[in-house]
Every structure is written in C-alpha cells, then in structure tokens.
Amino acid sequence: MKRVQVLLSTYNGERYIVEQIESIMKQSYREVAVLIRDDGSTDGTIEKIQQLEKTYLGRIELIQGANLGVVGSFFELLIMSDPHADYYCFCDQDDVWFDHKVKSAVSKLDTTVHSGEPAMVFTSTQLTDGELNSKGIWPKSPRREPSFYNALYENVAIGATITMNKSARDLFVDGRSVDSNKILMHDWWFYLLLSAFGKVIYDPEPSMMYRQHGNNVVGGSNSLVGKLKNKLNSFKKHTGKELLLIQATEFRRIYDEQLKHEKREQLDLFLASRPRMIDRFKYISRSKLHRQSRSESLLFKFLIIIGFI
C-alpha cells in the first residue's frame, strides 16, 4: 500500500486539534502518518498533540518551530516531509475529515495521472459551524476547468482538501527557495505551480467538514451576505496592495525558465507596466487570464482599465 503523509500546521489550536487528528487516524486508508509543525503556540496545543503521540505510536511526529505564519509553516512542513512517501495532504487544525478522504484522493491520483506527472486533487467541503452543524456544500464547483490562466487571478483550491503526489512535492522542494512573505496562501501557490507544470483535478464530492468559527485564518460562507462580504474582502486584500502582482513576480523569478512559451508570455503580459489607458486596453485584448465568474472577470477588466490592478 502506498504511503501518505499528512502535513498539519498548528497554532493555538487546542480547542479542536484532538478531533481533527482523531479523524485522520480513523481513515479507511490505513497507511497514513502525520507530520505536525507547531507555529509557536502559547496554549495547550503541544500538550494535546504529545498525548496523541503516545496513543498512536509511530504515526504522529511533532516539530516545534518559531512563528512563521501559515504560509511559511506549511512550506517548512513540505521541506521537512518524508521524501519516501507517495502522497502528501495539507491539513488544518480545526476540521474533521470524512473517513474516505485519503482513500478517495489516492484513487483519483492513481487512476488519472501519468507516472511521474506532478499532480494534485482538491475537493469541495461540507461547511459547518463550530459545533459541526451543516451549513451546506462549499464552495460551488468551478465553472471552468482549473488552469494557470485562472490561478494568476484567483485561487479555487481549499488547502485542507489538497492531496498531491510525490512529483508535485519534489517540484516544490527541489526548486529555488520561495519567499513566503510574497505568497498569498500556500494552497494558492500550489494551484499556480501545478496548473503550470502538472495536473490539477477537482472532485466535487466533499472530503471533510470545514469548521467555521471566530478564529479561522480563511473562512467560507454560503449566505448571500457572507459571499458578498468575502468577495469584497478578497478584492480589497488581493488588489489594493498589488499582492497578485507580487506573488506572480515571485513565481516568475523561480520558474520563468521552465514555463512553456504561451504561459510565460501570458505571465509577462500580466506583469508588464500599463501606465497609459491604451496599454490597459491592449492588455485586456491579449490576456487569457480570467476568474471563474464572468461577472468577476468583467470587474477585473474594469479595475485594470482604471489602473487599480
């Protein structure tokens, strides 16, 4: 049986961490181990994990680190991950996995990916409140196929649902060091990376209960008001400080020479200066970049025209 390593970053997660880890230990796919990196917790998170280490001897490994933030912590986990594992799963500290999560992901990757091809699979989730009462399926299925041209504008992959193969892990680990301060989120970075050089698979079947509570780093919502609020916050966060451009510039710094011609051309076009109105209209006419929603793609074009992006 192929080996799976779960990469779990924790930070002051004592409230839910036991339930999360127990759901991993109860996976129907048995060849699963967990590598945990604590990002400088000051509550009882470490003590709870140490107790679970004793319960599940040999299946849980804890590394205590300095506070790097969520992106840096997950990148460190990848660097420290077992190079002999076959698959790797990102994991948050406060969710609950369905018992089929790992088995389904491994099956998808085994049956749809050529040997040696970097690939990842991501899924929808069952959105819940803090007590795991269901709030529906989230997010909606992507309207368009995952692609590099979408990934430069938008992330559609929920990190805690991502499972990648060894080739994907090696592509990241064996490349140049990434400046995590220039990356919006670790899951977004892997959507960029694997849509550029490998395969990104979407499975509409929920793989976990995605718990929403007051301390989520990233949250979801199915209500109209919640969706609008999240979209507004996303636009403010990702455009006002040119963070999309900073992330794309970092991607070009590391992978420019490996990109195929058309993708490199589109990346360069996105990063090119557009000081004049005519430059912005030329960009829109030549760019293949898009968001999943037609209305959001139109909004992005408008923001480009007025020089906001």
Side-chain angles (χ1 to χ4, degrees), residues 1-9 29 31-33 35 71-72 74-91 101-123 142 144-180 182-203 207 247-248 250-267 288-289:
M1 183 175 280
K2 293 182 177 179
R3 295 167 56 192
V4 177
Q5 187 174 48
V6 176
L7 306 177
L8 170 55
S9 177
Y29 192 95
E31 197 62 39
V32 179
L35 177 64
V71 178
F74 272 108
F75 283 0
E76 280 293 302
L77 274 166
L78 280 155
I79 292 168
M80 296 183 289
S81 62
D82 180 0
H84 303 295
D86 299 288
Y87 297 104
Y88 306 84
C89 307
F90 285 142
C91 181
K101 183 180 188 298
V102 172
K103 184 178 181 180
S104 296
V106 169
S107 177
K108 281 280 185 185
L109 290 167
D110 269 351
T111 57
T112 60
V113 178
H114 297 300
S115 177
E117 180 183 19
M120 76 178 208
V121 59
F122 71 101
T123 76
R144 304 174 69 168
E145 285 293 314
S147 75
F148 182 66
Y149 304 131
N150 176 229
L152 284 168
Y153 270 5
E154 172 184 25
N155 180 36
V156 297
I158 306 302
T161 73
I162 291 175
T163 299
M164 71 185 77
N165 61 13
K166 176 175 167 51
S167 296
R169 177 260 184 199
D170 291 348
L171 179 63
F172 174 82
V173 171
D174 295 341
R176 294 180 184 174
S177 178
V178 183
D179 184 349
S180 62
K182 296 180 179 179
I183 310 307
L184 286 160
M185 282 299 286
H186 60 289
D187 48 10
W188 197 331
W189 187 255
F190 271 83
Y191 180 32
L192 263 173
L193 182 61
L194 295 176
S195 62
F197 301 112
K199 190 168 189 175
V200 177
I201 305 163
Y202 173 68
D203 182 355
S207 61
Q247 177 170 263
E250 180 70 354
F251 190 86
R252 183 169 65 177
R253 180 186 72 81
I254 299 170
Y255 298 111
D256 183 61
E257 294 179 359
Q258 297 169 246
L259 278 171
K260 291 185 177 179
H261 173 73
E262 186 177 42
K263 290 175 180 174
R264 185 190 301 117
E265 185 179 70
Q266 286 293 313
L267 177 57
K288 295 184 178 182
L289 275 54

- Item | Residue pair G116 / S167: nearest heavy atoms and the distance that separates them | O-OG, 3.2 Å
- Query: With sequence neighbours excluded, what pairs up with F148 under the ring-ring contact (aromatic ring centres under 6.0 Å, His included) test?
  - Reply: F251
- Item | Minimum side-chain heavy-atom gap K108-Y202 below 4.5 Å | no
- Which residues satisfy the salt bridge (Lys or Arg N to Asp or Glu O under 4.0 Å) test with E250, sequence neighbours excluded? R253
- Who pairs with Y191 by ring-ring contact (aromatic ring centres under 6.0 Å, His included), at least two apart in sequence or on another chain? none
- What pairs with F190 under ring-ring contact (aromatic ring centres under 6.0 Å, His included), at least two apart in sequence or on another chain? F90, F172
- Query: L259 and R264: which non-hydrogen atoms are nearest, and at how many Å?
  - Reply: O-NH2, 2.7 Å
- Message: Please check: side-chain N/O of S207 versus main-chain N/O of K101, any donor-acceptor pairing under 3.5 Å?
- Response: no
- Query: Which heavy atom of P118 sits nearest a heavy atom of N165, and at what distance?
  - Reply: CA-OD1, 3.7 Å
- Task: Looking only at non-hydrogen atoms, find the nearest pair between Q266 and K288 and report the distance.
- Result: OE1-N, 2.7 Å
- Query: Any donor and acceptor pair, going by atom type alone, linking the side chain of Y255 with main-chain N or O of R176 inside 3.5 Å?
  - Reply: no
- Query: With a 4.5 Å heavy-atom cut-off, do E117 and L194 have their side chains touching?
  - Reply: no
- Query: Does W189 reach the main-chain N or O of L184 with its side chain, forming a donor-acceptor pair under 3.5 Å?
  - Reply: no
- Task: Decide yes or no for L192 and Q247: does some side-chain heavy atom of the first lie under 4.5 Å from some side-chain heavy atom of the second?
- Result: yes
- Message: Please give me the minimum heavy-atom distance between L109 and A119, naming the atom from each residue.
- Response: CD2-CB, 4.0 Å
- Task: Decide yes or no for E145 and N150: does some side-chain heavy atom of the first lie under 4.5 Å from some side-chain heavy atom of the second?
- Result: no
- Check whether any side-chain heavy atom of I201 sits under 4.5 Å from a side-chain heavy atom of V113, and report yes or no. yes
- Task: Return the set of residues passing side-chain contact (heavy atoms from CB on, under 4.5 Å) with A85 (not counting sequence neighbours), or none when no residue passes.
- Result: Q5, D82, Y88
- Query: T163 and A105: which non-hydrogen atoms are nearest, and at how many Å?
  - Reply: OG1-CB, 3.5 Å
- Go through the structure and list residues passing side chain to side chain donor-acceptor pair (under 3.5 Å) with S81, not counting sequence neighbours. R169
- Side-chain heavy atoms of L35 within contact of L8, under 4.5 Å: no
